[in-house]
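A short worksheet on the structure shown next.
Side-chain atoms are counted along with the backbone in the values below, which use heavy atoms only and exclude waters and symmetry mates. Just so we're on the same page: letters track the sequence lines, and every chain starts at 1. Predicted, not measured: the structure shown is a model, and the values here were computed from it.
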Amino acid sequence: MTAGVRRAAGAPGGSRAHRPVRLVVIGGSWGGLDAACELLDELPAPLPVPVLLVLHRARTSDAEVLRAAVRRCSGQTLVEVEDQRGLAPGAVHLAPPDYHVLVEDGALSLSLDAPVEYSRPSIDVAFGSAADSFGAGTAAVLLSGAGRDGARGLAQVGQAGGWTLVQAPASAQRQEMPAAGLASWSPDVVAAPQELGRRLASLIGAEASPDERPT
Amino acid sequence: MNTEPDETVAGPGGDRERLEDIEASLLLEGIHRHYGFDFRQYARASIRRRLWRRTYAEGLDSFTGLLERVLHDPEVMERLLRDLSINVTSMFRDPAFFAALRTRVVPLLRTYPFLRIWNAGCSTGEETYALAILLREVGLLERSRIYATDINEQVLATAAQGVYPLAKMREYTENYLAAGGSRAFSDYYTARFDAVRFDPSLRDTVIFAQHNLVSDRSFNEFHLIVCRNVMIYFDRQLQNRVHHLFLDSLVPYGVLGLGLKESLRHTAVSQRYEDLDEERRLYRKRP
């Protein structure tokens, strides 16, 4: 299965302005935490839709440290994903180290399948399962990092009609992952994290006022 | 594979997903009816990944294609069964769990003259040997019977061998030490070329047996049940059924140990246990 799918240049995204975002999945690696914080700062609190945050983490990473860091910089409530945790709005669901997180219909499930692109949790796995469950209601955000995790999943979200946002490589601490995303799929938005956050905020807000197009 | 999302219907991803869902359901139904293995209540997202992996490995491109092969070729079913039942793990994974077993659970276990322990979903046996090693170090192995069960007979045969790659021993040693191990980990195995064989005497008190958590009933009463990162592959309904099975299989005050990211909190049996160490997922059955 090749990941080299590109949407034709100039393909209209406007017709999807009426499809509300029902789930946001954010993926990042090296530099991804900082980018995620900047992005999350632009989102309303409490979050009106569930947000799943998948950051590559070492198995021994201290969960408390990470939680405190994100809470400090985002003002959002953070919960670490447990098996069968419901996908509720109002909080950022953080993928635990060394498990894949999958999006089911109303909940998150876990897996210990082999790492994907050397990663567990894998952003590809999260994006892909979100595309399967939420289809066009998914917004996928790919941030800074090394490697290529997330590129294939981004294309799956795009193909399912969902929103795709990629951090502008020039703004990333590590360009490889966003660049791989851009090579795999032509996203709706390419921008620095703060701008990504603002665009995402208007997409989330689009649920309340479906006739408004994000600018 | 250059497809545009279908703009004319309400949910483009939704339409394609529904067909695949139908095919997945038919495949799982076919497996159940023909072979008796019931994967119909496994968590859909994770089993779907594994089904696709097998589908591509067989050179096919749909679940319907896999269904055809599976029904008519038992060897394909065998390969699929391996895919669905092997959970790669490491010895003393999540050392803090084993450390908590040592400090919180062992004192309780000492009060019994004879111990029955159930390692449910033991897969290739890493967890079983870790339990045996821990029990030996605290002087409880001789009075214990460890029942190590799994759905897959072939995987159990592997577990019974006690042979693992030498390359894994460094990670296992680190885990073992972090779990409070008191000896040199290499005391427990002998190395030969690129593999190690664990001390066969560790296996003296272990019974490896086939048991299907989905369909089989309780077969004994245990003082400790360890089932870690197995039920994450089950849907919520099946998890609750298995939890009732475990509840029926524990003596009063018996202990249940789950995986790091599994909790009793959202289950139907949460009130039937008290927390022994909630963070380490150790629970004690209320009498």
Side-chain angles (χ1 to χ4, degrees), chain A residues 1-8 11-13 15-16 18-19 59-60 63 80-86 95-116 122 124-126 128-138 155-162, chain B residues 1-18 20-21 42-50 52-53 56 61 83 86-90 93-96 123 171 174-175 178 228-236 239-240 258-263 265-267 279 281:
Chain A
M1 194 155 83
T2 59
V5 182
R6 297 194 69 93
R7 193 174 54 194
S15 53
R16 287 181 294 119
H18 297 283
R19 298 221 180 99
R59 189 163 8 121
T60 51
E80 195 163 73
V81 173
E82 282 174 356
D83 181 50
Q84 296 302 321
R85 176 170 286 286
D98 208 22
Y99 284 88
H100 290 304
V101 178
L102 295 112
V103 179
E104 310 263 5
D105 256 331
L108 297 170
S109 66
L110 301 178
S111 158
L112 281 177
D113 279 356
V116 170
S122 155
D124 271 339
V125 171
S129 64
D132 286 340
S133 307
F134 281 72
T138 311
Q156 288 177 280
V157 171
Q159 284 166 336
Chain B
M1 252 207 32
N2 228 344
T3 54
E4 285 289 346
D6 184 350
E7 304 278 25
T8 58
V9 291
D15 259 16
R16 275 200 291 277
E17 198 271 332
R18 278 201 286 278
E20 187 193 296
D21 222 38
Y42 274 45
R44 212 23 101 90
S46 52
I47 198 172
R48 206 209 228 116
R49 290 193 75 235
R50 292 176 166 193
W52 275 119
R53 219 169 53 222
Y56 292 135
D61 59 15
D83 287 349
I86 293 223
N87 293 317
V88 177
T89 182
S90 57
R93 180 192 161 103
D94 306 318
S123 190
E171 182 196 349
E174 280 173 17
N175 290 349
R228 310 183 69 231
N229 298 316
V230 173
M231 290 196 285
I232 57 178
Y233 299 103
F234 300 168
D235 70 17
R236 199 174 273 188
Q239 287 189 6
N240 279 324
L258 300 176
L260 190 59
K261 292 298 161 192
E262 299 173 289
S263 166
R265 256 195 303 259
H266 305 293
T267 66
E279 201 188 326
R281 313 304 184 193

Residues that B:Phe234 engages under ring-ring contact (aromatic ring centres under 6.0 Å, His included), provided they are two or more places apart: B:Tyr42
What residue in [options] has the most heavy-atom pairs under 4.5 Å with chain B?
{"options": "A:Thr138, A:Asp113, A:Leu102, A:Leu110", "result": "A:Asp113"}
{"options": "A:Val81, A:Asp105, A:Val125, A:Leu112", "result": "A:Leu112"}
{"options": "A:Gly137, A:Ala107, A:Gly128, A:Pro96", "result": "A:Pro96"}

Contacts of B:Glu174 that satisfy salt bridge (charged side-chain N to carboxylate O under 4.0 Å, His left out) - sequence neighbours left out: B:Arg170
Side chain / backbone / both / neither for A:Val157 at chain B, heavy atoms under 4.5 Å: neither
Chain B contact via A:Val116 - which portion, at a heavy-atom distance below 4.5 Å: side chain
Any donor-acceptor N/O pair, A:Arg19 side chain to A:Gly161 backbone, under 3.5 Å: no
Short side-chain to backbone donor-acceptor contact, A:Ser129 and A:Ala126, under 3.5 Å: yes
Pick from B:Arg44, B:Glu262, B:Met231 with the largest number of heavy-atom pairs that fall under 4.5 Å of chain A: B:Arg44
A:Tyr99 side chain near A:Asp83 side chain, heavy-atom distance below 4.5 Å: no
